[in-house]
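See below for the structure under consideration.
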Amino acid sequence: MSVQAFLYVVAVILIVLAALPIPSRGVSLALLGAACALLAYAWPVITG
């Protein structure tokens, strides 16, 4: 599994967890998932 695919999987898991009624203190799981998805999307440009 490539790094990009791993980041996409982590992003999906975080966004699904953010949709559940689980209290998370200090950090928004939805924002963390969105940041991870953006990182996965930009991974080919970052690694060049």
Side-chain angles (χ1 to χ4, degrees):
M1 180 183 287
S2 68
V3 175
Q4 188 177 18
F6 175 74
L7 288 171
Y8 273 126
V9 169
V10 170
V12 168
I13 290 171
L14 286 172
I15 291 171
V16 167
L17 285 177
L20 297 175
I22 300 171
S24 59
R25 296 181 182 212
V27 64
S28 171
L29 293 177
L31 287 177
L32 194 58
C36 195
L38 185 61
L39 179 63
Y41 179 75
W43 189 256
V45 175
I46 293 170
T47 57

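Because the structure is predicted, anything quoted here is derived from the model rather than measured.
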Met1-Ile13 co-clustered via ILVMFWY side chain contacts under 4.5 Å
yes
Would you say Phe6 and Leu17 are hydrophobically clustered, going by side-chain heavy atoms of ILVMFWY under 4.5 Å?
yes
How far does OG of Ser2 sit from OH of Tyr8, to the nearest 0.5 angstrom?
10.0 Å
For Trp43, the hydrophobic cluster (side chain heavy atoms closer than 4.5 Å, chained through members) also holds Val3, Leu7, Leu39, Ile46
Suppose we screen for side chain to side chain contact (heavy atoms under 4.5 Å, CB included). Which residues come up paired with Leu14, at least two apart in sequence or across chains?
Val10, Leu29, Leu32
For a quick test of reading the model, state the closest non-hydrogen atom pair linking Ala37 to Ala11 and the distance between them.
N-CB, 3.6 Å
Could you tell me which non-hydrogen atom of Ala40 sits nearest to which non-hydrogen atom of Pro44, and how far apart they are?
O-CD, 4.1 Å
